[in-house]
Amino acid sequence: MADANSQETEIGASPLLESAEKELILAVDLGSSSVRASAYRLDATRVEESTEFRNTEQSFDGTFDPQVLTEQTEQVVSGCLARVRQLTGNANFIAAAWTSFAMSWLGVDSTGIPVTPVYTYSDARSGPYADSLRQELLHQGSLEETWQRTGTPIHTAYAPAQLLRLTAEQADLVRQVARWQTLAASILARWRGQSSSPVSNSEVGWTGMLNRHSLTWDETLVARLNIDSVQLPAILDYTKSAVGLAEPWASKWPELAHTPFFLAVGDGVGANLGSGCSDSSRIALTIGTTGAMRVVLPNDSRRTEHATAGAGLQPTPAGLWSYPIDSSRWLVGGSLTDGGSLFSWLHETLAVEDTGALLAAAAALPPDAHGLTVLPFLRGERAPGWATEAALTISGISPATTATHFVRAAFEAVALRFRLIYDRLRPLLPPGTVIVASGGALQENSLWRQILADVLQAPVHLIDVDEATSRGAAILALQALGLPLPPDPPTVHTALPDREAGATYALALNRQQELYDRVIGST
C-alpha cells in the first residue's frame with residue numbers, strides 16, 4: 001500500500017479547520033435509504049459541515065437501479081469535497097473508506113457496465129428457489145454443514161437463491177454478465193477506469209457464498225449454482241487499498257487522485273465499530289429501517305502460527321449469521337428485516353396526526369396489555385427463523401383495539417424477536433457484556449428502549465454517536481493505517497429492566513412463538 005502520509009502538503013489556516021485537522025478521511029456510506037459522504041478528522045469526529053447525502057428509492061421487488069445509485073454516490077462525493085473546499089482551501093485526504101448495505105450484488109459486462117439491477121437482502125422473489133435448495137441440502141444431510149461453512153442460511157436475503165432464480169427465469173440476462181460485483185466494487189472500478197474490482201471478504205460474507213474456513217469463494221456452493229469462477233471477483237481484506245483515479249474523476253476530485261481507497265465492508269461492521277462495539281465486551285443493538293444485534297469476535301483459527309485453516313473457528317449459533325470483518329475478526333449476530341419500517345408503515349396506515357401524543361399513550365399502557373400478538377414480518381423474516389414466506393400477522397384484534405394498541409404491540413413484537421437473537425448470542429459473550437443501542441428509530445424513542453430493556457432483562461445504553469455507520473468506516477481506515485483509535489462514544493441514557501415487566505414479556509414471547517408455529521411452522 002502506498003504511504004498516504006508521504007502525500008502531505010502545506011495548506012493555509014482556516015477558521016473552521018485548523019492546520020492540525022487538515023488530514024482527513026473520506027467516509028462513504030451506501031445505505032438502503034440514503035447515500036452519504038462525510039469528511040472525518042483523525043480522531044473520528046465528523047466535520048459536520050462536510051456531509052452530503054441523497055435519499056435512495058428501492059423498487060417494490062427489493063432492487064435498485066445501479067445507474068441511479070452510482071450517480072447519487074458521485075454527487076455526494078462531489079458535494080462533500082466542495083463543502084470541504086469551502087471550509088479550507090485545501091485538505092489532505094489520507095484515506096477513503098466505504099460501508100455498503102448488505103447484501104448488494106449486481107452483474108456487469110466485460111467493460112464494467114452494469115447489466116442487471118442491484119439485488120439486495122429484500123428481494124423476496126427467489127423464495128421457491130431458496131426452499132428447493134434448502135430441501136435438497138437437507139435431503140443430502142449437508143444443510144447445517146453448509147450454514148456453518150458459509151456462516152449464512154439458505155434464504156432469499158443471499159445470492160445463492162437469487163442466482164438460481166435468475167438462471168431459471170432470466171437466462172438471457174445472466175448470459176450478459178461477465179463479472180459479478182458488489183455495488184461499491186462496481187463504483188470503485190468505474191472511478192479507476194477498470195472493468196471490475198476486488199471485493200472485501202466482509203462484503204463477500206454477506207452474499208452467502210464465502211467459505212469461512214479459507215476466506216475464499218465456497219467452491220461447493222458455487223458449483224451448485226453453475227457459476228463460472230472467472231465471473232467472481234478476487235476476495236481481499238478491506239485493508240488492501242487501491243490508489244489512483246481515472247478521468248474525469250481525477251480532475252473532478254484532485255484531493256482524491258492519490259488517496260488510498262479501502263475496499264467496502266458491510267454496513268453492520270461500520271455500525272458496530274462506529275458505536276464502540278469493537279469486541280465482545282459490547283454488543284450493538286441497532287434499529288433504523290431494519291434492525292440488528294451484533295457482536296465482534298476474534299477469528300480464533302488464525303491466532304496461532306501453526307493453526308490449520310478453520311481450526312477453532314467459532315460455530316455460528318443456530319439461526320444467526322457470521323460475517324468476517326477482516327481475516328482476524330468476525331461479526332456475529334442476527335438481523336430483522338423490519339425495525340423502524342414497521343412503525344413507519346403503521347404511522348402512515350393509521351394516518352397518525354400527532355405522533356407525540358400517540359407515543360405518550362402507548363407508553364401509558366402496561367406491558368402486553370393490548371390483547372394483540374404480532375409477527376412483525378412486514379417484508380419477511382430473517383433471523384432467527386428465516387422463513388421465506390413469513391408475512392406480517394396480527395392476532396387478537398377486537399372492537400376495543402386502538403391505534404395506540406397497534407403501536408405498542410409492534411414495538412414489543414420487534415423486541416421479542418431481538419430476545420430470540422440475544423439468547424443465541426449470550427453463550428458467546430463474557431460476563432458483563434453491555435448492550436449498546438443506536439439508530440434513528442431509538443434515538444428519540446424512550447418507550448422502545450425501555451421495552452427492549454424489559455424484554456431482554458438487561459440495561460440498554462443509548463450512546464451519543466453521530467452517523468455511527470460512516471464513523472465506523474473512518475475507524476476502519478484508522479485501523480488499516482495503524483493510527484490511534486478514538487474512545488468509545490459516551491452513554492447518554494440507560495434504560496433499566498423491570499423484573500415484573502420481564503415476566504410478562506416472557507409469557508408474551510411464548511404466545512408469539514405459538515402463533516409463529518401455527519402460521520409459519522416450527523423452526
Side-chain angles (χ1 to χ4, degrees), residues 30 32 97-106 118-121 145-163 180-185 197-222 225 227 232-240 262-273 277-278 284 290 292-302 309-310 313-317 319-335 382-383 386 421 425 428 469 472-473 476 480:
L30 306 178
S32 58
W98 305 62
T99 63
S100 177
F101 62 88
M103 73 166 206
S104 68
W105 186 242
L106 73 156
V118 179
Y119 301 104
T120 76
Y121 59 87
E145 191 271 336
T146 300
W147 194 325
Q148 290 301 324
R149 200 175 64 245
T150 63
T152 58
I154 301 298
H155 189 264
T156 60
Y158 299 105
Q162 296 185 14
L163 287 168
W180 292 99
Q181 294 271 264
T182 62
L183 174 64
S197 169
V199 177
S200 75
N201 47 37
S202 172
E203 280 209 291
V204 173
W206 256 279
T207 69
M209 297 194 299
L210 180 76
N211 186 305
R212 292 202 307 141
H213 301 279
S214 60
L215 293 182
T216 59
W217 293 104
D218 188 79
E219 294 180 359
T220 302
L221 194 54
V222 168
L225 304 176
I227 300 175
L232 298 173
I235 301 175
L236 302 173
D237 262 15
Y238 85 90
T239 56
K240 304 300 183 182
F262 294 109
L263 299 180
V265 298
D267 52 1
V269 173
N272 256 64
L273 272 63
C277 299
S278 57
T290 61
M293 181 176 272
R294 306 168 299 256
V295 65
V296 174
L297 298 174
N299 183 353
D300 292 329
S301 69
R302 295 171 185 262
L313 198 61
Q314 175 67 55
T316 302
L320 305 188
W321 40 246
S322 180
Y323 309 130
I325 298 173
D326 49 35
S327 59
S328 63
R329 294 173 293 176
W330 293 97
L331 189 68
V332 181
S335 299
R382 284 191 277 173
W386 301 94
I421 296 172
L425 281 176
L428 307 179
T469 302
L476 284 164

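Along the sequence shown, residues are numbered consecutively beginning with 1.
Side-chain contact between Trp105 and Leu163: present, with at least one pair of heavy atoms (C-beta onward) separated by less than 4.5 Å. A heavy-atom distance below 4.5 Å is found between the side chains of Val332 and Leu425. Thr182 places none of its side-chain heavy atoms less than 4.5 Å from the side chain of Ser100. Residues Trp217 and Thr207 have side chains in contact (heavy-atom distance under 4.5 Å, counting atoms from C-beta outward). Between Tyr121 and Thr290 the shortest side-chain heavy-atom distance falls below 4.5 Å. Looking at Ile235 and Leu215, their side chains never come closer than 4.5 Å, going by heavy atoms from C-beta outward. Annotation: side chain of Thr152 is not in contact with side chain of Trp386 (no heavy-atom distance under 4.5 Å). Here the side chains of Ser197 and Leu263 are in contact, with some heavy-atom distance below 4.5 Å.
Nearest heavy atom pair, residue Arg212 against residue Gln148, reads NE-O, 3.0 Å. In this structure, Gly266 and Ala102 approach most closely via the heavy-atom pair CA-CB, 4.4 Å. Of all non-hydrogen atoms in Pro324 and Leu210, the two that sit nearest each other are CG-CD2, 3.5 Å. Shown here for Trp147 and Leu320, the closest heavy-atom pair between the two residues is NE1-O, 2.9 Å. The two residues Thr316 and Gly151 have their closest heavy-atom pair at OG1-CA, 3.8 Å. Annotation for Asn201 and Ser327: closest pair ND2-N, 4.1 Å, computed over non-hydrogen atoms.
Expressed to the nearest 0.5 Å, how far OG1 of Thr99 lies from CG of Leu30 amounts to 6.5 Å. Note that NZ of Lys240 and CZ of Phe262 are 10.5 Å apart. Values are rounded to the nearest 0.5 Å. Interatomic distance, Leu106 CG to Trp180 CH2, rounded to the nearest 0.5 Å: 8.0 Å. With rounding to the nearest 0.5 angstrom, the CD1 atom of Ile227 is 5.5 Å from the CG atom of Leu232. If you take CE on Met209 and OG1 on Thr216, they are separated by 12.0 Å, rounding to the nearest 0.5 Å. Here the CE-CD distance, from Met103 to Gln162, works out to 3.5 Å after rounding to the nearest 0.5 Å.
The ring-ring contact (aromatic ring centres under 6.0 Å, His included) search around Phe101 returns Phe64, not counting sequence neighbours. By the side-chain hydrogen bond (donor to acceptor under 3.5 Å, both in side chains) test, Gln181 pairs with no residue at all, sequence neighbours left out.
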* **Chi angles and distances behind the side-chain contact (heavy atoms from CB on, under 4.5 Å) call for Val265, Ile325** => CA-CA 7 Å; Val265 298; Ile325 298 173; 5.6 Å; no
* Step by step, would you call Ser322 with Gln314 a side-chain contact (heavy atoms from CB on, under 4.5 Å)? -> CA-CA 9 Å; Ser322 180; Gln314 175 67 55; over 6 Å; no
* Is there a side-chain contact (heavy atoms from CB on, under 4.5 Å) between Thr146 and Thr220 once you walk through the steps? -> CA-CA 9 Å; Thr146 300; Thr220 302; over 6 Å; no
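Between Tyr158 and His155, the angle of the ring planes goes over 60°, which puts this pair in the perpendicular group of the 30/60° scheme.
Paired with Asn211 under the rule side chain to side chain contact (heavy atoms under 4.5 Å, CB included), one option of Val222, Val204, Asp218 passes, and it is Asp218.
Not a single donor-acceptor pair under 3.5 Å links the side chain of Glu203 to the backbone N or O of Tyr238. Judged by distance alone, the side chain of Ser200 and the main-chain N or O of Ala264 form a donor-acceptor pair under 3.5 Å. Panel note: side chain Ser104, backbone Leu183; a donor-acceptor pair is recorded below 3.5 Å. In this structure, Arg294 contributes its side chain and Ser335 its backbone to no donor-acceptor pair below 3.5 Å.
Inspection of the Asp267 and Thr469 side chains reveals no N or O donor paired with an N or O acceptor under 3.5 Å.
Summarising the local packing, CD of Glu219 is surrounded by 12 or fewer heavy atoms from other residues, nucleotides or ligands at distances under 6.0 Å.
Judged by the 6.0 Å distance and 45° axis criteria, Arg382 is not positioned over the aromatic ring of Trp321.
Taking 4.0 Å as the cut-off between side-chain N and carboxylate O, Asp326 and Arg329 count as a salt-bridged pair.
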